[in-house]
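It should be emphasised that the depicted structure is a prediction, and the values quoted were computed from it without experimental measurement.
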Amino acid sequence: QALVAILQFLRRSNLRESEEILRREARLLGDDLGGSVATVATSSPGVAAVAAVPPGKGEARGDCGIGPSSRREPREMGSLVSSPSSKITHSGDVSAVVVEDQPDVSAVLSAYNQQGDPTLYEEYYSGLKHFIECSLDCHRAELSQLFYPLFVHMYLELVYNQHESEAKSFFERFHGDQECYYQDDLRVLSSLTKKEHMKGNETMLDFRTSKFVLRISRDSYQLLKRHLQEKQNNQIWNIVQEHLYIDIFDGMPRSKQQIDAMVGSLAGEAKREANKAKVFFGLLKEPEFDVPLDDEDEEGENEEGKPKKKKPKKDNVGSKSKKQDPNAPPQNRIPLPELKDSDKLDKVMNMKEAARRVRLGPECLPSICFYTFLNAYQGLTAVDITDDSSMIVGGFADSTVRVWSVTPKKLRSVKTAADLSLIDKESDDVLERIMDEKTASELKILYGHSGPVYGTSFSPDRNYLLSCSEDGTVRLWSLQTFTCLVGYKGHNYPVWDTQFSPYGYYFVSGGHDRVARLWATDHYQPLRIFAGHLADVTCTRFHPNSNYIATGSADRTIRLWDVLNGNCVRIFTGHKGPIHSLAFSPNGRFLATGATDGRVLLWDIGHGLMVGELKGHTDTIYALRFSRDGEILASGSMDNTVRLWDAVKAFEDLETDDFTTATGHINLPENSQDLLLGTYMTKSTPVVHLHFTRRNLLLAAGAYSSQ
């Protein structure tokens, strides 16, 4: 029906050529668009193939979104083209998105018109339930995944066809059988009791338009198919055909534990195809430069001894960067900003600090320094700390952004233009002279947003600060003048998170419009729009090589996007609640994610697999950070604790053979307590941010709550 609707739309708009291409691709027979039955070639018995629009010139084709992004963005995208799966096209530097338009609600819901006998729905469902519960243990766990999507679709079908009392009794009888992690979705569902309610409800529209993905072994699938055909249970078979995508694999069925680890997202599991693309997760080669001599002398005098020899230091810098990581992207894959002299100096400082870095491990845990925001009546909503740990910023619910200096050096702004004209530009200390001593203070308050500030991020060179807010804008502030330079308007709804690229220049934002956007500081419009999540994008993170962006969402999935072409290259499912924190390991191979379910999940990016689960927190995890060498993972939560985990042990001898990758048979250790190195309680302060200094001291931050 969706296909027919699209063809009719193309015909009405006189787009004969597109109509022909789509017709050929979908192998639609005949010219009759009036009939609602379309013959679609199926890819395997019982699994309907989704017809996809063939890629046009310069279009990146990939299974980028399970379903439509159901918000219009007229201001940015010009005319929207409707297509069955969201695609991102790009040509040169300009990128546009073909996002499915708000699906024509009546067309989408009309699929529920199949009039089955409403009184038999309970019988059908309980019959299937009885069959699954009586099947062999090995099949039961896999087939039980059908309960939830079938329950939702059968209920919606009853509501749509106005069998309200039958729908109510169906819901009351079976909603208690669903897995506990679907409780929130069921609460939304229980409020839909009339046909009219369905029209405005986005969650349900998504459920209707995106196929729910189940991963089942061939044996279990054949068993189910045989049962439904013998019983001639067409109502359920139709729903399986129409609304579910069954990803069949050959091999042993998965156990209950293995399935439970992976399910729980709004649209089921990720299709295995979604995690097949190659990802360059290695790090880029560090640029080579000599450590300047005068700096070395200064260092020698400070140390009160013989000045250090320059030679070995220089070799060290060179040798580290000559080895090219085999998994790294080509150096010029995406354009990165040139290093300025100040950046080079900063890198030199970084190397010196790194030489004195403490090697962490189970025997040597970091010291933790906790910054508590006291009397934060304005409501602390976001925190960030500069890479060199010299400044800390807080975003507040009263729409202010406050920047503190955490070193004895006070924050100063640049002098006014009139005063600057009097300065001798040639003098050696010109950079000192341009700063206005009269403005020196420990705290600067930045006004400009008109709603709570939900995300903040310092640029790597510490010249700029980003903040994003409920007012739908992302603002770029100068830390030289402490004023707002730009307001980026692209999101029409609250923006939940923003982050600078590790190389500066690029930044990413994600919000309530379910889309993440990639920006460059000198462009008003976003460079890329990443569409595919089925709910708010709650957190965003750049990969250390800046070629990829991870986004966590309230649809309980994490996606990895390629900055170059906007494709979604990984979809990770397994969390049972909205994702609130993401952290890449320093070597770029692994990703840690935290959510409202209190679990930290660990992912192998190259293989697209879950490789660990850290249980221990009892509330939402808002902060995750790896130590500078990647030996320790720190997690901070609303349960007022910071926990330290042994990352080396968590990632050693992983089973990532081809079979595991192909079927998702992951074997997680029963308990993660042997990975837990320590738990540190605060008195009554939820942890909202964590940061390792260059020497591996752990800084944590949060606002004291008196409850």
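Residue Thr407 comes nearest to Ser405 through the heavy atom pair O-OG, 3.0 Å, listed as atom of the first residue, atom of the second, then distance. When all heavy atoms of Phe692 and Ala634 are compared, the pair lying nearest together is CE1-CB, 4.0 Å. Between His449 and Ser399 the shortest heavy-atom distance is O-OG, 3.3 Å. The nearest pair of heavy atoms linking Leu602 to Ala592 is CD2-CB, 3.8 Å. Across all non-hydrogen atoms, the minimal contact from Ser546 to Val563 is O-CG2, 3.9 Å. Of all heavy-atom pairs spanning Leu365 and Tyr680, the tightest one is CD1-OH, 3.5 Å.
Atom CD of Glu442 is surrounded by 12 or fewer heavy atoms from other residues, nucleotides or ligands within 6.0 Å. Other residues, nucleotides and ligands contribute only 12 or fewer heavy atoms inside 6.0 Å of the NZ atom of Lys438. Under a cut-off of 6.0 angstrom, the local environment of CG in Asp341 is sparse, with at most 12 non-hydrogen atoms contributed by other residues, nucleotides or ligands. Counting non-hydrogen atoms of neighbouring residues, nucleotides and ligands closer than 6.0 angstrom, the OH atom of Tyr464 reaches no more than 12 such neighbours.
Note that the CD atom of Gln480 and the CG atom of Asn463 stand 4.5 Å from one another [nearest 0.5 Å]. Rounding to the nearest 0.5 Å gives a distance of 8.0 Å between OG of Ser635 and CG of Leu676. The structure places CD1 of Ile549 at 11.5 Å from CG of Leu582, a figure rounded to the nearest 0.5 Å. Residue Arg589 holds its CZ atom at 7.5 Å from NE2 of His607, rounded to the nearest 0.5 Å. One finds the CD1 atom of Ile632 at 8.0 Å from the CG atom of Asn696 (value rounded to the nearest 0.5 Å). Separation of atoms SG (Cys568) and NE2 (His533) is listed at 7.5 Å; rounding is to 0.5 Å.
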(request) Apply side chain to side chain contact (heavy atoms under 4.5 Å, CB included) to Leu527 and Tyr506, showing your working. (result) CA-CA 9 Å; Leu527 306 180; Tyr506 298 110; 3.7 Å; yes
(request) Evaluate side chain to side chain contact (heavy atoms under 4.5 Å, CB included) for Val393 paired with Val383, printing each intermediate quantity in order. (result) CA-CA 6 Å; Val393 61; Val383 176; 5.9 Å; no
(request) Check the pair Thr682 / Thr641 against side chain to side chain contact (heavy atoms under 4.5 Å, CB included), numbers first and verdict last. (result) CA-CA 6 Å; Thr682 63; Thr641 62; over 6 Å; no
(message) Could you walk me through whether Thr593 and His575 satisfy the side-chain hydrogen bond (donor to acceptor under 3.5 Å, both in side chains) test, starting with their C-alpha distance in whole Å, then the side-chain angles of each, then the deciding distance to 0.1 Å, before giving a yes or no?
(response) CA-CA 9 Å; Thr593 59; His575 277 296; 2.7 Å; yes
(request) Run the numbers on Tyr503 and Leu284 for side chain to side chain contact (heavy atoms under 4.5 Å, CB included), then give the verdict. (result) CA-CA 11 Å; Tyr503 293 90; Leu284 294 173; 3.4 Å; yes
(request) Before giving the answer on side-chain hydrogen bond (donor to acceptor under 3.5 Å, both in side chains), spell out for Thr551 and Trp561 the whole-Å C-alpha distance, their side-chain angles and the decisive distance to 0.1 Å. (result) CA-CA 8 Å; Thr551 55; Trp561 308 87; 2.8 Å; yes
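In this structure, Arg628 and Arg357 have side chains that are in contact, with non-hydrogen atoms separated by less than 4.5 Å. Tyr454 is not listed as a side-chain neighbour of Val495, based on a closest heavy-atom distance of 4.5 Å or more. With contacts defined as side-chain heavy-atom distances shorter than 4.5 Å, the pair Leu591/Phe572 qualifies. In this structure the side chain of Phe373 reaches within 4.5 angstrom of the side chain of Ile392, judged on heavy atoms. Residues Asn640 and Val687 have side chains not in contact (no heavy-atom distance under 4.5 Å, counting atoms from C-beta outward). Contact of the Phe507 side chain with the Thr521 side chain is registered, since non-hydrogen atoms from C-beta on lie closer than 4.5 Å. Using a 4.5 Å cut-off on side-chain heavy atoms (C-beta onward), Arg559 and Val537 make no contact. Looking at Arg517 and Phe530, their side chains never come closer than 4.5 Å, going by heavy atoms from C-beta outward.
Put simply, the side chain of His523 never gets that close to the backbone of Gln525: no donor and acceptor are under 3.5 Å apart. Looking only at distances, no side-chain donor or acceptor of Lys615 sits under 3.5 Å from a matching main-chain atom of Gln673. Using a distance-only test at 3.5 Å, with no hydrogens or angles considered, no donor-acceptor pair links the side chain of Arg643 to the main chain of Leu633. In terms of modelled atom types and a separation under 3.5 Å, the side chain of Ser413 and the main chain of Phe482 share no donor-acceptor contact. Judged by distance alone, with hydrogens and angles left aside, the side-chain atoms of Thr596 form no donor-acceptor pair with the main-chain N or O of Thr620 at under 3.5 Å. Thr456 places no side-chain N or O within donor-acceptor distance of the main-chain N or O of Ser467, the cut-off being under 3.5 Å. No donor-acceptor pair closer than 3.5 Å links the side chain of Thr372 to the backbone N or O of Leu374. Judged purely by atom type and a 3.5 angstrom limit, Thr386 uses its side chain to pair as donor or acceptor with the backbone of Ser390. Between the Arg625 side chain and the His691 main chain, no donor and acceptor come within less than 3.5 Å of each other. Put simply, the side chain of His617 never gets that close to the backbone of Asp639: no donor and acceptor are under 3.5 Å apart.
Donor-acceptor pairing under 3.5 Å is recorded for the side chains of Arg333 and Asn547.
When ring centroids are compared, Phe590 and Phe651 come within the 6.0 Å threshold. Between Phe281 and Tyr548, the distance separating the two ring centers is not shorter than 6.0 angstrom.
In this structure, Arg402 forms a cation-pi arrangement with Phe396, its terminal cationic atom sitting closer than 6.0 Å to the ring centre and no more than 45° off the ring axis.
Paired with Phe458 under the rule side chain to side chain contact (heavy atoms under 4.5 Å, CB included), one option of Ile385, Asp387, Leu465 passes, and it is Leu465. Put simply, the residue from Lys347, Arg462, Arg694 that forms a salt bridge (Lys or Arg N to Asp or Glu O under 4.0 Å) with Asp388 is Arg462.
Ionic pairing of Glu631 and Arg359 is present here: one or more N-O contacts between side-chain nitrogen and carboxylate oxygen are shorter than 4.0 angstrom.
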